[in-house]
2 protein chains.
Amino acid sequence: MNVTALEEYGLRCAVQLASLPEGKTLSAPDIAEREGLSIEYVSKFMLLLKRAELVRTVRGIKGGFALSRQPAEISLKEVLDALNGRKKAGSEFCKSFTGKSEACVRFGSCSIRPFWDLLSGYVEEFTSRMTLADLVRPEEEIREKTSSIASDHVGQMRNRELRS
Amino acid sequence: MNVTALEEYGLRCAVQLASLPEGKTLSAPDIAEREGLSIEYVSKFMLLLKRAELVRTVRGIKGGFALSRQPAEISLKEVLDALNGRKKAGSEFCKSFTGKSEACVRFGSCSIRPFWDLLSGYVEEFTSRMTLADLVRPEEEIREKTSSIASDHVGQMRNRELRS
DNA sequence: CTGAAACAATACTTTTTTGTACGGATTTTA
DNA sequence: TAAAATCCGTACAAAAAAGTATTGTTTCAG
């Protein structure tokens, strides 16, 4: 389970936009400069973010990129999904299978799937509730927020247990 | 953030061994058969697990593989690390950098790093406390266990907050 | 109106990951 | 002791991901 390059660098570019004053735009060369990345690579990320409608663009000289919504209204999950383009997370492995069999052997009963599902469930919740605005604030405030996400998560799991 | 093929299929093979009666071994062809994977591919995983000393082998005809410890004593983190072979999780991005700069631009102050660190911290804790034994038990018991891991996690975060 | 600077899009190259193939070493069994 | 079945290890091929290059379109400024 690892972070992809697209997620890592694409998120950085998004954070650059999030730290921009309202109404301003930033050009690809500017972002590339600030992040120490190549202009072409930055352009690639920005195109993905634009297609996901997270970013709006201004063309022509003096053009550039800006977030299409407030930083606090854009979850990290949205950003990461836009960059990652729908990967097989968790249960996708059950269908697309590499071996001889048509599908996964454990079709009826499988204890590995719930393991991945629980883990990725937490990741989803965490990234859904963190926003771009959180990543332009000082470090200390992040820890505070994650703590509350985690305790909500526990609450939800308890509820699921009770219902079942 | 996605699960690699090595993690997914390698873990399955490890679980096959975990569900084996004490003292018994399972050959690569057997595992391949049970998982619907190719023998060569299975051999690759088993080699990795052996090198990490999670698995012991018996050579020659009638040979095979067995876990070198009790399933309950082998964490999923150990298995996944063995398969994944030390990837750049989180903070590795700060050093190995793709762009022009020597290292990451945000060297002094960075709020993206703590985000990944907190997330991967949870993943580490989760996978450290789940064991192979957990994955051979029925699904329902997994949920129970994950719930307790999560609430401990919250407790730890609270403590960190208080100390800082 | 023309050139410069920017976004848009696709094609291309390189590197990594995924998965297979094969030859050698080891041990049991007949 | 020889054959068969197994692990061991590397080399190889195919696919995907990571980055780069290039060409086209838009817009501003002079």
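Note that the structure is a prediction, hence the values are computed from the model and not measured. Order of the sequence lines fixes the chain letters, A, B, ..., with proteins taken first and strands second; residue numbering starts at 1 for each chain.
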So does [X] get a side-chain nitrogen or oxygen closer than 4.0 Å to the phosphate oxygens (OP1/OP2) of [N]?
X: Ser43(B); N: dC7(D); answer: no
X: Thr57(B); N: dC8(D); answer: yes
X: Tyr41(A); N: dG19(D); answer: yes

- Message: If you apply the rule side-chain contact (heavy atoms from CB on, under 4.5 Å), what do you find for Asp81(B) with Thr127(B), and how did you get there?
- Response: CA-CA 10 Å; Asp81(B) 283 351; Thr127(B) 55; over 6 Å; no
- Query: Of all the nucleotides listed (dC7(C), dC8(D), dT18(C)), which has the minimum atom distance to the side chain of Phe65(A)?
  - Reply: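 Of all the options, the side chain of Phe65(A) is nearest to dC7(C).
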- Minimum-distance nucleotide to Tyr9(A) side chain [options: dG19(C), dG19(D), dT10(C)]: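 So the side chain of Tyr9(A) is nearest to dG19(D).
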- Any donor and acceptor pair, going by atom type alone, linking the side chain of Arg137(B) with main-chain N or O of Glu141(B) inside 3.5 Å?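 The answer is no, because no donor-acceptor pair under 3.5 Å joins these two groups.
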Let me know the distance between [atom1] of [X] and [atom2] of [N], rounded to the nearest Å.
X: Leu6(B); N: dT20(C); atom1: CG; atom2: C1'; answer: 14 Å
X: Ile31(B); N: dC7(D); atom1: CD1; atom2: P; answer: 8 Å
X: Leu49(A); N: dA9(C); atom1: CG; atom2: C1'; answer: 16 Å
X: Asp30(A); N: dA5(C); atom1: CG; atom2: P; answer: 13 Å
X: Glu35(A); N: dG19(D); atom1: CD; atom2: C1'; answer: 16 Å
X: Lys62(B); N: dT28(C); atom1: NZ; atom2: P; answer: 12 Å
X: Arg51(B); N: dC7(D); atom1: CZ; atom2: C1'; answer: 12 Å
X: Glu40(A); N: dT23(D); atom1: CD; atom2: P; answer: 13 Å

- Centroid-centroid under 6.0 Å between Tyr122(A) and Tyr122(B) rings: yes
- Shortest non-hydrogen contact from Met46(B) to Cys13(B)?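 Residues Met46(B) and Cys13(B), closest heavy atoms: SD-CB, 4.0 Å.
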- Just call it for Arg56(A): base, sugar-phosphate, or nothing, with non-hydrogen atoms closer than 4.0 Å on any strand. nothing
- Query: Touch check for Gly63(A), heavy atoms < 4.0 angstrom, all strands: base, sugar-phosphate only, or nothing?
  - Reply: sugar-phosphate
- Message: Students often mix this up, so state it plainly: with edges at 30° and 60°, are the rings of Phe45(A) and Tyr41(A) parallel, tilted or perpendicular?
- Response: tilted
- Message: Both Val58(B) and Leu26(A) contact DNA chain C. Taking the nearest nucleotide for each, which residue is further toward the 5' end?
- Response: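 Closest to the 5' end, via its nearest nucleotide, is Leu26(A).
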- Pairwise 5' ranking along DNA chain C for Ile61(B) and Lys50(A), keeping only the more 5' one: Lys50(A)
- Does the base of dA8(C) carry an N or O that pairs as donor and acceptor with the side chain of Arg59(A) under 3.5 Å?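 Checked by distance alone, the answer is no.
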- Task: Could you pick out which residue, Lys44(A) or Gly60(A), lies toward the 5' side of DNA chain D when each is mapped onto its nearest nucleotide?
- Result: Lys44(A)
